[in-house]
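Below is one structure, written out as structure tokens; comments come after it.
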Amino acid sequence: MIAQFAARLIFGMSFTWVCLPQPKISSGFFRIQMLVVLGLGVLGSLTGNTEETIPTIASSAAFLPLFIVISVLAFLGSVFWTLERRQAGCWFGYAIAAISLATVVLFAARPETSFLENLFRVDSEAATSLILGVTMVAMLLGHWYLTAPTMSHDPLLRANQLFAIAVLIRFVMSAIALALNWQLVGSGATLTWLALRWIAGILGPAVLAVMVWRILKYRNTQSATGVLFVGVILTFIGELSATLLTRELGVPF
């Protein structure tokens, strides 16, 4: 589960970098982002061989080289961003996004299920990755304004827009899964996890995205960052609850 969560964060964060107006963000921010991904890559390398209990289409040994490559790319990316080689740094970000997407797909797909079921699993996993990564990057970007207070507010506005889109995608995927598999939801612990998944993982972040949008109208980046920090906590709780439901019921919620 740890390696899978690391892969989700890496893909979500790197995809968010691609969608942000990078020329308007100082290089130091991306250097730190690369170092965060480097840490996640090392974590995935150390824990990837413990995922044998998950019946993925690839063996646990296949994840180790992917995480190692991601770690190396993140380290090199941090060097290029430190040297202000922005174009090269961006290309390292694209490479990390592509490899981490492959890792997420390998974690999501199951050998015994049909193509359509695997497609839904992969889409659901990508939606999870997106909401986790976008929220994390948006929160860290908000903190970056303490270091670069004169930086344009457009990147944070874009990050919040991506946050709202990620919440919407996660809502659609979870609603489809719930509608098709409602009969699997019983009572007690399962119903509690499902409620936590929806309240903390979808409804709460949706409210927070609106709050951040209204706060940024007054150009108050620090208040918006505080709200985004709450968003990180809620999305982590929601997606962890969804992971537990998926492992118990066999359906990506």
Side-chain angles (χ1 to χ4, degrees), residues 1-13 15-16 40 44 47 51 53-56 100-101 103-110 113 116-139 159-213 227-253:
M1 182 186 294
I2 296 175
Q4 184 179 14
F5 222 72
R8 289 171 172 176
L9 269 177
I10 292 171
F11 172 63
M13 292 176 67
F15 182 83
T16 305
L40 291 170
T47 59
E51 304 288 341
T53 56
I54 304 176
T56 60
S100 59
L101 174 59
T103 309
V104 165
V105 170
L106 289 177
F107 270 118
R110 300 289 184 267
T113 57
L116 289 178
E117 289 175 316
N118 272 329
L119 181 62
F120 183 80
R121 285 181 177 276
V122 170
D123 290 342
S124 180
E125 190 75 7
T128 295
S129 303
L130 184 60
I131 193 171
L132 288 172
V134 167
T135 315
M136 179 66 71
V137 172
M139 184 270 292
N160 188 58
Q161 291 171 354
L162 293 172
F163 178 35
I165 293 172
V167 173
L168 178 60
I169 295 173
R170 183 68 270 187
F171 165 76
V172 171
M173 298 302 298
S174 297
I176 293 174
L178 185 60
L180 295 177
N181 301 280
W182 177 255
Q183 70 279 2
L184 298 178
V185 181
S187 57
T190 304
L191 196 58
T192 301
W193 287 120
L194 182 63
L196 191 61
R197 193 273 169 280
W198 273 84
I199 295 173
I202 297 177
L203 299 180
V207 173
L208 295 181
V210 175
M211 290 177 62
V212 172
W213 170 68
V227 175
L228 287 169
F229 185 79
V230 177
V232 171
I233 297 174
L234 290 182
T235 52
F236 268 64
I237 293 174
E239 297 309 321
L240 283 172
S241 301
T243 300
L244 291 172
L245 281 171
T246 299
R247 286 174 174 255
E248 180 178 346
L249 303 178
V251 177
F253 279 93

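By the 6.0 Å contact criterion, CH2 on Trp193 is open, its count of non-hydrogen atoms from other residues, nucleotides or ligands being 12 or less. Other residues, nucleotides and ligands contribute more than 12 heavy atoms inside 6.0 Å of the CZ atom of Phe236.
By the 4.5 Å heavy-atom criterion applied to side chains, Thr103 and Phe11 are not counted as neighbours. Contact of the Leu101 side chain with the Phe15 side chain is not registered, since no non-hydrogen atoms from C-beta on lie closer than 4.5 Å. Residues Glu125 and Val122 form no side-chain contact, since every pair of their non-hydrogen atoms from C-beta on lies 4.5 Å or further apart. Contact annotation: the side chain of Arg8 approaches that of Thr243 to within less than 4.5 Å [non-hydrogen atoms, C-beta and beyond]. For the pair Thr235/Arg170, no side-chain contact is recorded, criterion being any heavy-atom separation below 4.5 Å from C-beta on. Leu194 places a side-chain heavy atom less than 4.5 Å from the side chain of Leu178. Residues Leu245 and Thr190 are in side-chain contact: their nearest non-hydrogen atoms beyond the backbone lie under 4.5 Å apart.
When all heavy atoms are compared, the tightest approach of Ser129 to Val104 is OG-CG2, 3.8 Å. Taking all atoms of both residues into account, the shortest heavy-atom contact from Asn160 to Trp213 is ND2-N, 3.5 Å. Taking each heavy atom of Pro205 and Ala200 in turn, the nearest pair found is CD-O, 3.1 Å. Nearest heavy-atom pair, Ser241 versus Leu196, reported as atom, atom and distance to 0.1 Å: OG-CD2, 3.3 Å. Among all heavy-atom pairs drawn from Ile202 and Val167, the shortest one is O-CG1, 3.7 Å. When all heavy atoms of Thr135 and Phe163 are compared, the closest pair comes out as OG1-CE1, 3.4 Å.
The distance from the CG atom of Leu240 to the CG atom of Leu132 is 8.0 Å, given to the nearest 0.5 Å. In this structure, the separation between CG on Leu208 and CG on Leu203 is 11.0 Å, given to the nearest 0.5 Å. To the nearest 0.5 Å, atom CD1 of residue Ile199 and atom CG of residue Leu234 are 11.0 Å apart. Note: Ile169 CD1 to Ile131 CD1 = 9.5 Å, rounded to the nearest 0.5 Å.
For the salt bridge (charged side-chain N to carboxylate O under 4.0 Å, His left out) condition, no pair includes a residue of residues 172-184, sequence neighbours left out.
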